[in-house]
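Taking it in order: structure first as structure tokens, then the write-up.
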Amino acid sequence: MASKLGAARYGKDNVRVYKVHRDQKTGVQTVVEMTVCCLLEGDIETSYTKADNSVVVATDSIKNTIFILAKQHPVTPPELFGSIIGSHFIEKYSHIHVAHVSIITHRWTRMTVDGKPHPHSFLRDGAETRNVQVDVTEGKGIDIASSIAGLHVLKSTASQFWGFVRDEYTTLPEVRDRILSTEVDATWRWKLFDNVSQVQADTARFDNAWSAAREITLNTFAKENSASVQATMYNMAEMILGAVPQVESVDYSLPNKHYFEVDLKWHKGLKNTGQDAEVYAPQSGPNGLIKCTVVRPSTAKL
Ligand SMILES: O=c1[nH]c(=O)c2[nH]c(=O)[nH]c2[nH]1
């Protein structure tokens, strides 16, 4: 059969890494836990088409390299550590031309004990993660997308949804007051960096952007009387573009986690709908899924 390799990449996924920093003077320890994926592209066709392993950097070696680089370099911000990992593979192996590195950073928030930050105890305060996707391409540069994922939020009022298409397929009533709940997945894409030094030049920008994106997301969610998931997420994305000049575009992907009213009037006339609704049934699916990419006007294609 005539065939050829259309695309190929390989590497190690789910590399779980923990790093501790011990401040010898104060005794305060700081920890980072990450899950790393590193996939390589390059002149590796023959490993697929000719069983030629001479072009294969073993995925086991890729895993070893991630641990060694974690020992030798800072692992924060993840944007920098991802750039260090990706650039290593491009520079070390002449036949590797692209490295795709994704890092999920898990929450270990310092405990407050007896009203004080504890020097070495942490808690997982939620499913939220800070993620990066770093693509390092030889001769091109470093593409970085930073994200917040798994941030669960709910507001019990100040959300509406009305004015949508009404036709023979519609059963949903218009509502001026509903529950709005979602799991935030927000991504902000940086202008291309030339190399690791450029990423390293101002590492504070990455933590600042993460804080700004998180605060904008939460503040907008809480304060706005939402007309729809679509309108609210656009407002959030626009504010992030305003707050972080080096960001080219912002993506949101928000599931609409529905909470249905439960009509209980069949039981002794119990009132639990409309103004009287107090007990709801959270739905696991189907759910709405609303996505957008917001860019600066000069690059908009719409
Ligand atoms: O904010 C919303 N956007 C929709 O597109 C939609 N569709 C729907 O049934 N409910 C909602 N809510």
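Both counts, for ligands and for their atoms, begin at 1 and track the order of listing. Excluded from the calculations below are hydrogen atoms, water molecules and symmetry mates; all remaining heavy atoms, backbone and side chain alike, are included. A quick note: this is a predicted structure, and the numbers were derived from the prediction, not measured.
- Every atom of ligand 1 is numbered from 1 in the order shown, and the set under 4.0 Å from a heavy atom of Gln230 is 1 (O), 2 (C), 3 (N), 4 (C), 5 (O).
- Each of the following atoms of ligand 1 lies closer than 4.0 Å to a heavy atom of Ser228: 1 (O).
- Counting protein heavy atoms only, atom 6 (C) of ligand 1 is closest to Phe161 CZ, 3.3 Å.
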Exercise for the section: In sequence, state the C-alpha distance, the side-chain angles, and the governing distance for Asp135 and Gln133, and then conclude on side-chain hydrogen bond (donor to acceptor under 3.5 Å, both in side chains). Expected result: CA-CA 7 Å; Asp135 298 317; Gln133 175 69 48; 3.0 Å; yes

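- Scanning the protein heavy atoms around atom 9 (O) of ligand 1, the nearest turns out to be Leu172 CD2, 3.4 Å.
- The shortest N or O to N or O distance between Val229 and ligand 1 is under 3.5 Å.
- When heavy-atom distances to ligand 1 are checked against a 4.0 Å cut-off, Arg178 comes that close only through its side chain, counted from C-beta outward.
- Summarising the geometry, atom CH2 belonging to Trp108 is positioned 9.5 Å from atom CG belonging to Asp125; distances are rounded to the nearest 0.5 Å.
- Remark: Asp60 pairs with Lys63 by the salt bridge (charged side-chain N to carboxylate O under 4.0 Å, His left out) rule, at least two apart or across chains.
- A donor-acceptor pair shorter than 3.5 Å cannot be found between the side chains of Thr220 and Asn235.
- A side-chain N or O of Thr157 and one of Asp177 form a donor-acceptor pair less than 3.5 Å apart.
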